[in-house]
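Written below as structure tokens is the structure these notes are about.
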4 protein chains.
Amino acid sequence: MNRKREVQSSVKDESLIAKRRAQMIRGAVTLFKEKGFHRTTTREIAKASGFSIGTLYEYIRTKEDVLYLVCDSIYDEVHARFDALDIEKGSLEVLVTAIGHYYGLIDDMQDEFVVMYQESKSLPKDALQYVLNKEMEMVSLFEGLLADCAESGEVKLSPKEITLAAHHLFVQGQMWAFRRWALRDFTIEEFIELQTQFLLQGMAGEKITIQGVK
Amino acid sequence: MNRKREVQSSVKDESLIAKRRAQMIRGAVTLFKEKGFHRTTTREIAKASGFSIGTLYEYIRTKEDVLYLVCDSIYDEVHARFDALDIEKGSLEVLVTAIGHYYGLIDDMQDEFVVMYQESKSLPKDALQYVLNKEMEMVSLFEGLLADCAESGEVKLSPKEITLAAHHLFVQGQMWAFRRWALRDFTIEEFIELQTQFLLQGMAGEKITIQGVK
Amino acid sequence: MNRKREVQSSVKDESLIAKRRAQMIRGAVTLFKEKGFHRTTTREIAKASGFSIGTLYEYIRTKEDVLYLVCDSIYDEVHARFDALDIEKGSLEVLVTAIGHYYGLIDDMQDEFVVMYQESKSLPKDALQYVLNKEMEMVSLFEGLLADCAESGEVKLSPKEITLAAHHLFVQGQMWAFRRWALRDFTIEEFIELQTQFLLQGMAGEKITIQGVK
Amino acid sequence: MNRKREVQSSVKDESLIAKRRAQMIRGAVTLFKEKGFHRTTTREIAKASGFSIGTLYEYIRTKEDVLYLVCDSIYDEVHARFDALDIEKGSLEVLVTAIGHYYGLIDDMQDEFVVMYQESKSLPKDALQYVLNKEMEMVSLFEGLLADCAESGEVKLSPKEITLAAHHLFVQGQMWAFRRWALRDFTIEEFIELQTQFLLQGMAGEKITIQGVK
DNA sequence: TATGAATGAGCGTTCATTCAT
DNA sequence: AATGAATGAACGCTCATTCAT
């Protein structure tokens with residue numbers, strides 16, 4: 001399994017750690033979104049979190065820990081939401097619900113997702129691996145759902161097509177967070193509706209051939 | 001129009017400027033890909049370019065200029081390729097050709113595209129605007145093609161659906177550069193084939209309704 | 001006289017102060033020996049002493065106080081030992097006994113002596129002066145013993161030679177603590193024996209002249 | 001052999017490196033003597049050297065490098081002086097000359113020696129090893145000279161006594177640098193004269209026994 | 001009395017940029 | 001036009017010390 005990395009803290013009171021880190025994550029996300037991880041200083045993070053630089057370092061060991069904490073908290077939320085869905089076996093209906101929830105989550109946590117996608121490359125190796133694994137878990141979840149649909153005959157997709165479709169789906173989710181400036185005219189509901197349509201049709205229809213294309 | 005930003009140089013000889021900047025871009029892309037813009041030092045760029053730090057600064061004014069030069073050169077290439085296509089009016093066939101060329105280009109310039117998407121946020125405001133405009137030009141090109149298809153009745157899409165489809169298309173292109181680690185099993189030809197299929201079916205089929213979904 | 005510096009404590013109970021400071025000294029010596037005064041943190045001292053950082057500061061005012069306490073405790077021990085000797089008047093025999101006891105003490109408290117010699121320069125001015133005075137007392141004790149021997153005719157030494165011999169003696173003691181890595185082959189008994197021999201012969205013999213030396 | 005550690009510099013001009021490092025060493029020795037290695041900041045070193053903090057770091061990689069450079073320069077000087085002596089085979093006369101030169105050197109470079117002895121423990125492991133080896137070379141030189149004297153019958157010393165005498169000699173040298181405050185009344189010539197006397201008598205005389213000493 | 005979370009001055013180090021040669 | 005030594009602002013991080021509980 002994908003073992004959670006421990007972020008060391010010299011403070012012992014666990015609930016205090018949780019509270020301070022929540023402050024930290026909130027402050028850091030705003031800053032990272034605005035200026036990026038590298039242009040944000042630890043002093044700024046401390047200030048935005050509402051405490052001093054010294055206190056910040058009571059709860060983390062390195063600046064990168066803050067970024068990791070941000071990424072980790074996103075996946076905690078993702079899991080919380082999906083667990084609430086209580087999925088057993090995939091079907092077109094379940095898939096559509098899952099997509100809706102996933103895109104809804106991204107809408108709720110736009111800043112966090114943008115930060116994660118833009119800045120995760122600055123994570124130390126092991127933390128990056130952890131985050132990528134989490135991402136893969138997410139994609140696999142969709143793959144599983146699609147595979148169930150394929151098995152039950154609801155959709156006709158080869159294994160490769162399933163893989164691609166799952167990534168496709170995942171990436172379109174990112175698009176909502178990333179390209180808001182380009183999608184100002186859409187509500188999240190419209191976006192979900194249209195994306196779902198595209199996807200279902202893309203999977204369902206007959207193969208199409210255009211003649212004369214290289 | 002989107003006016004090209006001038007990057008100041010204290011050197012007069014235009015052809016020398018072009019030569020040195022080409023060296024610079026080649027060196028910088030590799031470094032930016034490997035370590036990101038912020039972790040790359042100007043000294044490293046100079047070294048990778050084959051000249052001294054002093055010389056580097058004869059051809060640019062700030063480190064960000066290098067990033068801008070990289071981004072700009074990508075779009076020069078994009079334009080060169082698309083101009084060669086000599087498109088007049090859109091049709092499904094033309095659209096499919098354009099997609100193929102676009103994805104092919106991304107495949108050829110993977111490193112450059114990754115750098116651009118990952119690091120462009122570090123550009124100074126005006127340069128970022130310029131690059132985003134370039135991106136919008138690209139998306140608009142696809143929108144134009146799709147609109148032509150809609151007009152001629154080849155596809156049935158509302159204006160909003162056209163916008164979304166164009167972005168969709170554009171983002172799937174990025175995916176090829178970005179998520180290569182997840183798409184190791186695919187060749188670029190397969191990828192183009194499958195993506196095109198998805199798109200065409202997604203646009204062509206009847207609307208699908210899943211009942212019981214919120 | 002050399003007045004003992006008061007180290008402030010906010011705790012009133014004198015016996016508790018003594019107990020806590022003893023814990024502190026034991027912990028600190030080990031740490032100072034291992035990593036030096038500057039590389040040792042107050043938190044580490046607290047931990048090694050068996051109490052919290054807050055408690056540590058109930059018994060001292062500054063980190064340097066700990067160092068002072070260490071140095072002071074060494075001289076307390078030195079005095080305790082020499083008082084037990086109950087010296088009245090010097091003679092060669094008494095001198096030899098004193099040397100033996102002094103070197104034996106250094107052997108027993110090697111770590112403490114090394115710390116004192118290596119780190120005492122980090123003491124605040126007045127504390128350093130106090131410690132240097134203590135050291136001078138020690139040297140004077142030997143000077144006194146030597147002077148007695150000179151007076152009684154047991155050795156032939158000018159006042160200047162006495163001074164130098166006393167320092168000599170003192171410094172050779174330090175050597176035992178300091179250069180243990182170079183003296184692995186010697187036992188403390190051998191060392192005392194040989195040093196005493198050297199000293200006595202050095203003082204007793206006829207003056208030697210080497211001709212032709214500039 | 002004891003390979004010289006390379007201290008990295010980003011400057012290429014070797015003679016400039018030598019010049020700047022000489023400035024650095026001169027400045028640093030004064031500061032280290034005054035306040036110790038740990039209490040001296042790199043900015044102070046830069047200032048005392050006559051250049052900026054940025055320039056300082058063009059010639060070293062870490063603060064510890066400065067300390068190493070100081071220690072290394074001392075032994076360069078030691079070697080230069082001893083090589084000039086052109087010793088072939090030991091004799092009492094040669095030994096006395098060597099001692100005189102060694103103590104003379106220490107007198108000339110008092111500050112440097114004090115810094116080396118007080119602060120070398122702050123060197124990184126490999127550098128410390130290098131310096132200790134240099135020290136051992138020095139001691140061995142005296143051991144060699146003494147062994148030659150023993151062989152030729154000029155002195156009667158067992159191998160162990162030779163070892164101890166060499167260390168003894170070496171440590172008395174340190175004393176001159178270290179305990180100047182206690183030896184204000186002596187000139188270096190007196191000191192050399194008396195120490196040599198002590199040593200020669202210590203080695204030459206008959207064994208002395210004090211009765212009644214435990 | 002004992003605790004440990006909070007503080008912020010200060011440190012070592014980096015690196016974009018300049019400019020004399 | 002090319003070089004690379006010099007600069008210093010700014011960063012990440014530490015740790016002695018305080019003080020509310």
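All chains are named by letter (A, B, ...) in the order of the sequence lines, taking the proteins before the strands, and each is independently numbered beginning at 1. What's counted below: heavy atoms across the whole structure, side chains too, no hydrogens, waters or symmetry copies. All values reported here derive from a predicted model rather than from experimental measurement.
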>> Closest-nucleotide mapping onto DNA chain F: is C:Tyr57 or B:Arg20 further toward the 5' terminus? I mean the 5' end.
In response: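 Looking at DNA chain F, the more 5' nearest nucleotide goes with B:Arg20.
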>> Expected output is a numbered-order residue list: members of residues 46-56 of chain D with a heavy atom under 4.0 Å from any atom of DNA chain F. What is it?
In response: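 Output list: D:Phe51, D:Ser52, D:Ile53, D:Gly54, D:Thr55.
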>> Using a 4.0 Å cut-off on heavy atoms, which residues in residues 117-130 of chain A reach DNA chain F? List them by number, or say none.
In response: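 Heavy-atom contacts with DNA chain F come from no residue of residues 117-130 of chain A; none.
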>> Per the ring-ring contact (aromatic ring centres under 6.0 Å, His included) rule, what does the pair list look like for residues 40-59 of chain D, sequence neighbours excluded?
In response: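 Sorted result for residues 40-59 of chain D: empty, none.
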> Side chains of B:Ser10 and B:Glu58: do they bring a donor and an acceptor to under 3.5 Å?
Replying inline: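 B:Ser10 vs B:Glu58: donor-acceptor pair found between side chains.
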> What pairs meet the salt bridge (charged side-chain N to carboxylate O under 4.0 Å, His left out) rule with one or both residues in residues 11-26 of chain C, with sequence neighbours excluded?
Replying inline: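 Found none.
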> Does anything in residues 38-52 of chain A pair up under salt bridge (charged side-chain N to carboxylate O under 4.0 Å, His left out), and if so which pairs, sequence neighbours excluded?
Replying inline: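 The answer is A:Lys35-A:Glu44, A:Arg39-B:Glu64.
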At their closest point, which heavy atom of [X] faces which heavy atom of [Y], and how far apart are they?
X	Y	value
C:Leu16	C:Val11	CD2-CG1, 4.3 Å
D:Leu67	D:Glu119	CD2-O, 3.3 Å
A:Val115	A:Lys33	CG2-N, 3.6 Å
B:Lys121	A:Gly36	CE-CA, 4.4 Å
C:His38	C:Lys63	O-NZ, 3.7 Å

For [X], what residues pass the side chain to side chain contact (heavy atoms under 4.5 Å, CB included) criterion, not counting sequence neighbours?
X	value
B:Leu128	B:Ser120, B:Leu123, B:Leu132
A:Glu112	A:Val29, A:Ile74, A:Met109
D:Arg5	D:Asp65, D:Tyr68, D:Pro124, D:Asp126, D:Ala127

> CD of A:Glu64 versus P of F:dC11: gap in Å, rounded?
Replying inline: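 Rounded to the whole Å, the gap is 16 Å.
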> Between F:dT14 atom C1' and A:Lys63 atom NZ, what is the distance in whole Å?
Replying inline: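 Atom-to-atom, A:Lys63 to F:dT14, this comes out as 17 Å.
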> Which comes earlier along DNA chain E counting from the 5' end, the contact point of C:Tyr59 or that of A:Ser10, where each point is its nearest nucleotide?
Replying inline: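 With C:Tyr59 and A:Ser10 compared, the 5'-side residue is C:Tyr59.
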>> With a strict under 4.0 Å distance from non-hydrogen atoms of chain B, what nucleotide opens and what nucleotide closes the contacted stretch of DNA chain E, reading 5' to 3'?
In response: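 Result: E:dC15 to E:dT18.
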> Would B:Lys134 and B:Asp76 count as a salt bridge (Lys or Arg N to Asp or Glu O under 4.0 Å) if you check the C-alpha gap in whole Å, the side-chain angles of each, and the deciding distance to 0.1 Å?
Replying inline: CA-CA 10 Å; B:Lys134 284 285 183 186; B:Asp76 282 349; 5.4 Å; no
> Is the cationic atom of B:Lys125 (NZ for Lys, CZ for Arg) positioned less than 6.0 Å from the six-membered ring centroid of B:Tyr130 and within 45 degrees of its normal?
Replying inline: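 Pair B:Lys125/B:Tyr130 does not count as cation-pi.
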> Looking across every strand, which nucleic acid part, if any, lies under 4.0 Å from D:Thr62 by heavy atom: base, sugar-phosphate, or nothing?
Replying inline: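 D:Thr62: backbone/sugar contact only, no base atoms under 4.0 Å.
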>> Applying ring pair (Phe, Tyr, Trp, His ring centres under 6.0 Å), can you list everything that pairs with B:Tyr75, at least two apart in sequence or on another chain?
In response: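 B:Tyr75: no ring pair (Phe, Tyr, Trp, His ring centres under 6.0 Å) contacts found.
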>> In dot-bracket form, 5' to 3', how is DNA chain F paired? Count Watson-Crick and G-U wobble pairs only if both distances fall under 3.5 Å, and write | where the partner sits on another strand.
In response: .||||||||||||||||||||
> So which of residues 29-44 of chain D are in contact with DNA chain E, with a heavy-atom cut-off of under 4.0 Å?
Replying inline: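 Listed by number, they are D:Thr40, D:Thr41, D:Thr42, D:Arg43.
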